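Single-structure report; data block below.
Just so it is clear, the structure is predicted and the values come from calculations on it, not from any experiment. Note that ligands are numbered from 1 as they come in the structure, with each ligand's atoms numbered from 1 the same way.
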Amino acid sequence: MQSPHTIDAGCEGPSVLIIAGVHGDEHEPIIAATHLISIVSKELKKGKVTIVPIVNTTAVANGTRHGADGLDLARVCPGDAQGSVTEMDAANISTIIRQSDYLIDMHNGGKLFDIYPLAGYMLHPDNNVLEQQRAMAKAFGLPIIWGTDHAPNGRTLSVARDHNIPAIYVEYGGGIAARNEIIDAYTTGCIGVLDTLGMIDKAQEDYRAPEHIVEDPTPQQGHLQAKMPSPAEGIFVPAVKLGQMIEAGEHWGAIHHLGTGNQTKVCADISGMVLFLRVDARVKTGDSLGGILPINL
Ligand SMILES: [Zn+2]
């Protein structure tokens, strides 16, 4: 794990932890976190902000979701200080999470997926924690707010949950190209949360109300990689666009079998909004082709 940068206003207030690079193929969050070090250093008026732009060092070095030991840091928290490289990074970040009052964990779809911008949290059983998470998610200013079941373990958010620390994660974009609008949205979003906590004054009031707030306690709803498994191996050609509304049974895309000309058609499994979409065309049977956020309009 990269050494944490802690900015202390020298005046009593909350302690906020902002992290990126839990996955090494998610670039904009790392850049936004690095920008925030200089912005927050100039602007912080109370409390402390700790920023870790690179959590899984070997994953970021290799540009891969998993660390050099093949592990996903977002599945092995709270880690093991005596374990493999990813387990050690997980142990280090878990220690810092436990010392913080709030957590923001920034992600995107990595090499495989493009994701519609969202701020998510676990539906924490403690209503006070849940309310604070809702406020943080709104302050981040992304169009979708998504609360999911609180049971999953191994995540940075699970460590926060176990210590009643309000925590959100954010997702926006993905694929192999990096985009300025994502870096800007993440930088502005973190400033928005710090503003809501009274720690910084936002340059301008550009608050945008979310388009949709979805809270769904159904188990595993927040587990993106398990959604819409491909029925075949081949090249996925999507028929939908991110953010569009779709009905169950409508055409999602097709898997083209290289060399034979055959296709396997894929249909939407539920009705709702196209929340994320596979952008890495080559798929194996069982790979996720994307996912739908159930929104009742
Ligand atoms: Zn991620």
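Arg65 places no side-chain N or O within 3.5 Å of a backbone atom of Ala59 that could act as its donor or acceptor partner.
Protein N/O/S atoms found under 2.8 Å from the Zn ion (ligand 1): His23 ND1, Glu26 OE1, Glu26 OE2, His107 ND1.
Here Ile165 contributes atom CD1 and Ser100 contributes atom OG; the two are 6.5 Å apart, rounded to the nearest 0.5 Å.
Judged purely by distance below 3.5 Å, without hydrogens or angles, the side chains of Tyr116 and Glu171 never pair a donor atom with an acceptor atom. Checking Asn108 against Arg179 by side-chain atom types alone, no donor-acceptor pair falls below 3.5 Å.
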(Q) Run the salt bridge (charged side-chain N to carboxylate O under 4.0 Å, His left out) test on Glu215 and Arg134 for me, step by step, so that the C-alpha distance in whole Å, both residues' side-chain angles and the decisive distance to 0.1 Å come before the verdict. (A) CA-CA 10 Å; Glu215 292 194 337; Arg134 287 173 175 145; 2.8 Å; yes
Q: Before giving the answer on side-chain hydrogen bond (donor to acceptor under 3.5 Å, both in side chains), spell out for His256 and Asn262 the whole-Å C-alpha distance, their side-chain angles and the decisive distance to 0.1 Å.
A: CA-CA 6 Å; His256 294 251; Asn262 295 334; over 6 Å; no
